[in-house]
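Read through the structure below, which is laid out as structure tokens, and then see the notes.
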Amino acid sequence: MSDFLLVDDDAAFSHMLMRVLLRRGFSVACAANGHEALQQAMLLQPARIVLDLNLGGDSGLKLLPPLRDAAPAAAIVVLTGYASIATAVEAIKLGAIQYLAKPAAVDAILAAFGQQAANPDLALAEMPMSLKRISWEHLQRVLAEHEGNVSATARSLKMHRRTLQRMLAKRPVAG
């Protein structure tokens, strides 16, 4: 049994996170894609899995159910540079215990595994979302409805695929 399985196609990020976790006394395995992740999960039965949402253009959301089947006792935290409300909701529905936006400090990742129960005292945002953020969230929701298929999403929004890709590449700030 392994303490952690890191599933991320960013080798530099995985290596940095692995080094920090090893220094803290954890055993760590890494996988760069879905196939490797499922093999490692079945073989090692990790206690915790850190799953990137974007694995070389593939959606980590699709990997959540097979990972849950391969390592049913594992707690899964989704970590992403493409955070949105739609993907956060889907990740939790599919079995993740937490969802964190990159960059996330190692202490925040460890805390996410420690806090598996819901927090009714979570503070509300002081300001409503910006128009740019609302647009981004809408695009993310429609993209999730089309299982990450950019062409199908663009058709449903009646826009050109490249226009949608440019809009998705411009992530707004949190507000």
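Every value quoted in this text rests on a predicted model; they were computed, and no experiment measured them. Quick note: numbers below take in every heavy atom, side chains included, and nothing from hydrogens, waters or symmetry partners.
- Two residues are said to be in side-chain contact when any heavy atoms from C-beta on lie closer than 4.5 Å; Leu64 and Val78 meet this criterion.
- Contact of the Val142 side chain with the His138 side chain is registered, since non-hydrogen atoms from C-beta on lie closer than 4.5 Å.
- Val89 and Ile76 fall into different hydrophobic clusters, where Ile, Leu, Val, Met, Phe, Trp and Tyr residues are linked whenever their side-chain heavy atoms come under 4.5 Å apart, directly or through other members.
- Under a hydrophobic-cluster definition in which Ile, Leu, Val, Met, Phe, Trp and Tyr are linked whenever side-chain heavy atoms come within less than 4.5 Å, directly or via other members, Val77 and Phe26 are assigned to the same cluster.
- By the 6.0 Å contact criterion, CZ on Arg162 is open, its count of non-hydrogen atoms from other residues, nucleotides or ligands being 12 or less.
- Between the Gln45 side chain and the Ala70 main chain, a donor and an acceptor come within less than 3.5 Å of each other.
- No side-chain donor-acceptor contact under 3.5 Å links Glu90 to the backbone of Ala86.
- The line from OG1 of Thr163 to CG of Leu157 is 11.0 Å long, rounded to the nearest 0.5 Å.
- Side chain of Asp3 to main chain of Ser27: a donor-acceptor pair is present (N/O by atom type, distance under 3.5 Å, no hydrogens or angles).
- The two atoms that bring Ala29 and Leu44 nearest to each other are CB-CD1, 3.3 Å, heavy atoms only.
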Worked check of side chain to side chain donor-acceptor pair (under 3.5 Å) between Thr153 and Ser156: CA-CA 5 Å; Thr153 301; Ser156 91; 5.7 Å; no
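- Going from atom OG of Ser135 over to atom CD of Gln140 covers 12.0 Å, rounded to the nearest 0.5 Å.
- Taken together through direct or relayed side-chain contacts under 4.5 Å among Ile, Leu, Val, Met, Phe, Trp and Tyr, Val106 and Ile97 form part of one hydrophobic cluster.
- The closest side-chain heavy-atom distance from Leu38 to Asp69 is not below 4.5 Å.
- Between Asp8 and Ser14 the shortest heavy-atom distance is CB-OG, 3.4 Å.
- Within the 4.5 Å cutoff, no side-chain heavy atoms of Leu79 are placed close to those of Leu53.
- Checked against side chain to side chain contact (heavy atoms under 4.5 Å, CB included), Ala74 has the following partners two or more places apart in sequence or in another chain: Ile49, Ala71.
- Rounding to the nearest 0.5 angstrom, the gap separating the CD atom in Gln40 from the CG atom in Leu6 is 10.5 Å.
- Taking the side chain as every heavy atom from C-beta outward, Gln165 and His160 never approach each other to under 4.5 Å.
- Taking CG from Leu94 and OG1 from Thr87, the interatomic distance works out to 11.0 Å, rounded to the nearest 0.5 Å.
- One finds the CG atom of Leu17 at 7.5 Å from the SG atom of Cys30 (value rounded to the nearest 0.5 Å).
- Closest non-hydrogen pair, Phe4 versus Leu110, comes out as CZ-CD2, 3.5 Å.
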Pair Leu22-Met18, side chain to side chain contact (heavy atoms under 4.5 Å, CB included): steps then yes or no: CA-CA 6 Å; Leu22 287 170; Met18 180 179 73; 3.7 Å; yes
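- Scanning all heavy atoms of the two residues, the minimum distance from Leu5 to Pro46 falls at CB-CG, 3.8 Å.
- The hydrophobic clustering, which links ILVMFWY residues whose side-chain heavy atoms are closer than 4.5 Å, places Val28 and Leu51 apart.
- When all heavy atoms of Leu67 and Ala41 are compared, the closest pair comes out as CD2-CB, 3.8 Å.
- Atoms CG and OG1, from Asn54 and Thr80 in turn, are 6.5 Å apart once rounded to the nearest 0.5 Å.
- The two residues Val7 and Asn33 come nearest to each other via the heavy atoms CG1-O, 4.3 Å.
- Here the side chain of Asp10 pairs a donor or acceptor atom with the backbone of Phe13 at under 3.5 angstrom.
- Put simply, the side chain of Asp107 reaches to within 4.5 Å of the side chain of Arg24, judged on heavy atoms.
- No single ILVMFWY cluster, assembled from side-chain heavy atoms under 4.5 Å apart, contains both Ile109 and Leu55.
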